[in-house]
Enquirer: 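Okay, here's the structure, questions in a sec.
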Number of protein chains: 2
Amino acid sequence: MTQQLLLTAIDHFGKSGFDGASTRAIASASGTAMSSITYHYGGKKGLYLAAADHIAESLSEGLGPILANAREHAAAPRNQAVETILLLLDGMATMMLSPASEPWARFIIREQQQPTEAFERLYLGAMRDVTETLVALVKRARPDLDDFEARATSIFLHGHALTLRAGRAAVHRVLGYETLDDDVCQRLRKRLRVHALRILTEEEVPS
Amino acid sequence: MTQQLLLTAIDHFGKSGFDGASTRAIASASGTAMSSITYHYGGKKGLYLAAADHIAESLSEGLGPILANAREHAAAPRNQAVETILLLLDGMATMMLSPASEPWARFIIREQQQPTEAFERLYLGAMRDVTETLVALVKRARPDLDDFEARATSIFLHGHALTLRAGRAAVHRVLGYETLDDDVCQRLRKRLRVHALRILTEEEVPS
DNA sequence: GTCTATACTACGATAGAC
DNA sequence: GTCTATCGTAGTATAGAC
């Protein structure tokens, strides 16, 4: 039951924000009484933070295999580092394109605009692993970049995947599709791969 | 007074969403009575839509000169098209990095996750001009791409600027800065330019 | 542990004074 | 055009039955 309460909470908080979501509605949609939120989580804020923790856990689990693989190649030779980054980015893009990510991505994006204690938990619990792994790989793939440039590059690479969620409504409009079917998703991922490859390939030094 | 009401509304709706924001708080922060919202906008929903319209107008005005320049170069030769795109992207990045964009960007990002009638107004009133101009320029810069590829490329290029707002909290963490000063912003824009340039340069065909 | 009942606060809308 | 006053509704929290 507490599991269902968490899933419903992520959905409602993501859609309406902390203030906009109502504990009555969350409890009702979870098939229980509102007072069970008080019993299990101590109140609305406790439920909100528990929802953030649950997202962090799911995220870590979802990217777990890819992240483990990426960490193994943290000291890999350059071409292998590039390929590892492409794999990681494709995993992130696949998540962002999946309908399953809609509820928790909404929650995270909302927290990004106005971070609270919940963002701290999201970042330390799951996001930091991803970003720091990505930065390490970028440094491996592009040893010519300094620390800032490598971090900025990581942000923009990560941003390719993020855009597919954060700008979803615009993506639909620009492509002219009301839904993104498997074929479209695959073509978007292909394009993302091409972009990343070009960004990760060191510039030829002109004579 | 109705101007102040709109600005406050954008801020409150952006932060708390439609449900979470309260007309009492908006009116109070604007130095007027709640009933003036009913008088001027017919109610909470009317104020929300008026806020979206106001954002669309501001956005159009803000990017106006750059967009006008971009449209002039819609049929420009390739190198010029690339340079025009870089200019447009830099303008968008500068907006996204500016503290002034925080309130309305929050509003738009929220609408992107769960579009309502307000997104329709934002898109048709301002965003479509930007995206369609960008798509036309990308086709000019990369005639080797088909329609879908050009649109996907436009989305990801646009995404570079979007990421600076939508993932702002993560940007702070990854870079290790609590605020983005002028120097950091300039280096981020420089990096964005490098990425865009690489993406817009046609691949050499390997023998 | 899960429910119902209730206390208290804040919401949006509206009527009416000025 | 802007204010105050008020109505009905819905919010969170809490107490207490079972």
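Order of the sequence lines fixes the chain letters, A, B, ..., with proteins taken first and strands second; residue numbering starts at 1 for each chain.
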Enquirer: Can you figure out which of C/dG12, D/dT12, D/dT2 approaches the side chain of B/Met34 most closely?
Expert: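 So the side chain of B/Met34 is nearest to C/dG12.
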Enquirer: Looking at B/Glu120 and A/Arg173, is any side-chain nitrogen of the basic one under 4.0 Å from a carboxylate oxygen of the acidic one?
Expert: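 Yes.
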Enquirer: How many whole angstroms separate atom OH of B/Tyr41 from atom C1' of D/dT2?
Expert: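 Computing the B/Tyr41:OH to D/dT2:C1' distance gives 14 Å.
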Enquirer: Return the 5'-most residue of the pair B/Gly42, A/Thr32 with respect to DNA chain C, ranking by each residue's nearest nucleotide.
Expert: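 With B/Gly42 and A/Thr32 compared, the 5'-side residue is A/Thr32.
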Enquirer: Please report, rounded to the nearest Å, how far the C1' atom of C/dG12 is from the OH atom of B/Tyr48.
Expert: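 In whole Å, C/dG12 C1' lies 17 Å from B/Tyr48 OH.
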Enquirer: Look at the side chain of A/His40 and decide which nucleotide, out of C/dG1, C/dT4, D/dG1, has an atom nearest to it.
Expert: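 Nearest to the side-chain atoms of A/His40, counting from C-beta on, is C/dG1.
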Enquirer: Please report, rounded to the nearest Å, how far the P atom of C/dC3 is from the CG atom of A/Leu5.
Expert: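 After rounding, the reported distance stands at 10 Å.
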Enquirer: For B/Ile37 and C/dT14, give me the distance from atom CD1 to atom P, rounded to whole Å.
Expert: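 One finds 13 Å between P of C/dT14 and CD1 of B/Ile37, rounded.
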Enquirer: Expressed as a whole number of angstroms, how long is the span from A/Arg24:CZ to C/dA5:C1'?
Expert: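 One finds 11 Å between C1' of C/dA5 and CZ of A/Arg24, rounded.
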Enquirer: For A/Ala25 and for A/Thr38, find the nucleotide of DNA chain D with the closest heavy atom, then tell me which residue's nucleotide is more 5'.
Expert: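 Closer to the 5' end of DNA chain D: A/Ala25.
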Enquirer: How long is the span from the OG1 atom in B/Thr94 to the CD atom in B/Gln186, to the nearest 0.5 Å?
Expert: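 Interatomic distance, B/Thr94 OG1 to B/Gln186 CD, rounded to 0.5 Å: 9.5 Å.
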Enquirer: Rounding to a whole Å, what distance do you find between B/Phe13:CZ and C/dC11:P?
Expert: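 It is 13 Å, rounded to the nearest whole Å.
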Enquirer: So what does A/Ala21 hit on the nucleic acid, given a heavy-atom distance under 4.0 Å: a base, only sugar-phosphate, or nothing?
Expert: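 Sugar-phosphate contact only - A/Ala21 comes under 4.0 Å of backbone atoms but never of a base.
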Enquirer: Looking only at side-chain atoms of B/Tyr39, point me to the closest of D/dG1, C/dG12, D/dT4.
Expert: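 Per side-chain heavy atoms of B/Tyr39, the pick is D/dG1.
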Enquirer: Could you label the plane-to-plane angle of the B/His160 and A/Phe156 rings as parallel, tilted or perpendicular, counting under 30° as parallel and over 60° as perpendicular?
Expert: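 Aromatic pair B/His160/A/Phe156 classed tilted.
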Enquirer: For A/Asp19 and C/dA10, give me the distance from atom CG to atom P, rounded to whole Å.
Expert: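 It works out to 13 Å between those atoms.
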Enquirer: Distance check needed: D/dA13 P versus A/Lys45 NZ, whole Å only.
Expert: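 So the NZ-P distance, A/Lys45 to D/dA13, works out to 11 Å.
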Enquirer: Treating A/Arg121 as the side-chain partner and A/Ala52 as the backbone partner, does any N or O pair qualify as donor plus acceptor under 3.5 Å?
Expert: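 Checked: no pair found.
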Enquirer: Side-chain contact, heavy-atom cut-off 4.5 Å: A/Lys45 with A/Phe18?
Expert: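 Side-chain contact under 4.5 Å: yes.
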Enquirer: Could you please name the option among C/dG12, D/dA15, D/dT12 that lies closest to any side-chain atom of A/Ser35?
Expert: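 Output: D/dA15.
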